[in-house]
Protein chains: 2
Amino acid sequence: MKKLSLPKISEQIAAPLAAIAAPQRIAILLAIGTGEACVCHLETALGWRQAYISQHLMALRKADILQDRREGRYIFYRLKNASFLDLITASATLSGLSAESVSTLINAQNHPACECPQCAPALIPLNSL
Amino acid sequence: MKKLSLPKISEQIAAPLAAIAAPQRIAILLAIGTGEACVCHLETALGWRQAYISQHLMALRKADILQDRREGRYIFYRLKNASFLDLITASATLSGLSAESVSTLINAQNHPACECPQCAPALIPLNSL
DNA sequence: TCGTTATATTCGTAAATTCGAATATGTCAG
DNA sequence: CTGACATATTCGAATTTACGAATATAACGA
């Protein structure tokens, strides 16, 4: 088997963690959850500026954590690997949060104030956030 | 159940990740592994300056990831929760590394070039003292 | 083609982080 | 007490990162 040095392997392991280890990125990943989300959805879900969200999405894309898919004017983002959510849940547990309190925030659903093609069809009141 | 906001919860989740998400910290945590290690052990295992290691140890202590125990002149560090290693392994898997290649690096054992009280006994006959 | 909408990118500065150098603290032996 | 050793802490310059502002691109409808 290939022998890897500790420094080399540590760098490789740190890369995805570094991309995720920011409150804003965690929030984005939780908002996307196991489904898909367009930027405008994240805009209303998180209440941030569009360009700001795009910047973080770009970082997550570069880190190979997110993949994007264009559909007309919209671009939908999705986790490349659902295990990234497990990583987040694991970290939540380690900081004393219940797995349940996290899972209720993992949101692949519609947002009431969002009018993107995913949310608009349904008008389900959601008392999240 | 307590209702937590997405920004708040994201910040809490990000905290331990941010503390871990650096190649140096990963290397330290892997070197400590499931056992204990004094600073001098890490010094020889990693080949870094003492003060530099202490700085990273301080960060990990503040993040509540490591705990320390003094024994005479030596201070031994140990993970507060072995699950932090699982977090690292999970991240390794996500970056395409085999779990095995990581586990061989998780090192609670002696280091041949280390003369700290944990390692030395195996190398130096007691009757030479 | 033009305007509108959805999203991306570039740029500059403020804020945070990194890491070396120097120094401090705490413990033990003599 | 003194010196040696293990480790911690402080400080500051250099590098990196965060984020707002402005601008660019791409798709669609008219």
Side-chain angles (χ1 to χ4, degrees), chain A residues 7 10-11 14-15 17-28 31-32 36-63 66-78 111 113-120, chain B residues 7 10-11 14-15 17-28 31-32 36-63 65-78 111 113-120 129:
Chain A
S10 301
E11 214 167 317
L17 288 176
I20 292 180
Q24 298 91 339
R25 312 250 170 83
I26 303 263
I28 287 176
I32 295 176
E36 271 186 338
C38 58
V39 180
C40 65
H41 177 96
L42 297 172
E43 233 174 311
T44 65
L46 301 172
W48 303 339
R49 291 178 313 117
Q50 174 269 320
Y52 187 45
I53 294 174
S54 264
Q55 284 170 2
H56 285 296
L57 289 173
M58 178 169 44
L60 290 167
R61 228 186 313 133
K62 274 188 181 158
L66 289 182
Q67 70 181 68
D68 56 342
R69 170 181 72 85
R70 177 181 281 275
E71 190 176 318
R73 289 190 276 199
Y74 300 89
I75 295 180
F76 293 94
Y77 282 90
R78 159 189 302 279
H111 189 283
C114 180
E115 299 190 1
C116 79
Q118 298 259 304
C119 302
Chain B
S10 301
E11 215 167 315
L17 288 177
I20 292 179
Q24 298 93 337
R25 312 248 171 83
I26 303 261
I28 287 176
I32 295 177
E36 271 187 338
C38 59
V39 180
C40 64
H41 177 95
L42 297 172
E43 234 173 311
T44 65
L46 302 171
W48 304 338
R49 292 178 312 117
Q50 173 269 318
Y52 187 45
I53 295 174
S54 263
Q55 284 170 1
H56 286 295
L57 289 173
M58 177 168 45
L60 290 167
R61 228 185 314 130
K62 276 188 180 157
I65 290 169
L66 289 182
Q67 69 181 68
D68 56 340
R69 171 181 72 86
R70 178 180 281 273
E71 190 176 319
R73 289 191 277 200
Y74 300 89
I75 296 181
F76 293 94
Y77 283 89
R78 159 189 301 279
H111 190 281
C114 180
E115 298 190 0
C116 78
Q118 298 261 305
C119 304
L129 307 173

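Keep in mind it's a predicted model, so treat the numbers as computed, not measured. Below, all heavy atoms of this structure are taken into account, side chains as well, without hydrogens, waters or symmetry copies. We name chains A, B, ... by the order of the sequence lines, and we start the count at 1 in each one.
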Options [options], nucleotide nearest the side-chain atoms of [X]:
X	options	answer
B/Arg73	D/dT7, D/dC5, C/dT9	D/dC5
A/Leu57	C/dA8, D/dC19, D/dA26	C/dA8
A/Val39	D/dA8, D/dT9, C/dA8	C/dA8
B/Gln55	C/dT9, D/dT10, D/dA26	D/dT10

Find the distance [X]:[atom1] to [N]:[atom2] and express it as a whole number of Å.
X	N	atom1	atom2	answer
B/Ile75	C/dC28	CD1	P	11 Å
A/Trp48	C/dA6	CH2	C1'	19 Å
A/Glu71	D/dA26	CD	C1'	15 Å
B/Ile53	D/dA8	CD1	P	10 Å
B/Lys62	C/dT17	NZ	P	11 Å
B/Glu43	D/dT7	CD	P	7 Å
B/Tyr52	D/dT9	OH	C1'	16 Å
A/Asp68	D/dA27	CG	C1'	15 Å

Item to complete: Salt-bridge test for B/Arg49 and B/Glu43: reply yes if a basic N is under 4.0 Å from a carboxylate O, no otherwise.
Response: no
Worksheet entry | Inter-residue atom distance B/Leu66.CG - B/His56.NE2, 0.5 Å rounding | 12.5 Å
Response to the item:
Between A/Tyr74 and B/Ala51, the residue closer to the 5' end of DNA chain C by nearest nucleotide is A/Tyr74
Discussion item. Please classify the nucleic acid contact of B/Gln24 as base, sugar-phosphate, or nothing, using heavy-atom distances under 4.0 Å.
Written reply: sugar-phosphate
Item to complete: Assign A/Ala22 to base, sugar-phosphate, or nothing according to its heavy-atom contacts below 4.0 angstrom with the strands shown.
Response: nothing
Discussion item. If you assign A/Gly72 and A/Gln50 each to the DNA chain D nucleotide with the nearest heavy atom, which residue ends up on the more 5' nucleotide?
Written reply: A/Gln50
Worksheet item: With respect to the phosphate group of D/dA8, does any side-chain polar atom (N or O) of B/Arg49 fall under 4.0 Å of OP1 or OP2?
Response: no
Worksheet item: Do the side-chain N or O atoms of B/Arg25 get closer than 4.0 angstrom to the phosphate oxygens (OP1, OP2) of C/dT18?
Response: yes
Worksheet entry | Expected output: side-chain B/Arg25 to main-chain B/Ala27 donor-acceptor under 3.5 Å | no
Discussion item. Could you tell me if the side chain of B/Arg69 sits less than 4.5 Å from the side chain of B/Glu36, heavy atoms only?
Written reply: yes
Worksheet item: Can you check whether B/Tyr77 reaches B/Arg61 side chain to side chain, under 4.5 Å on heavy atoms?
Response: yes
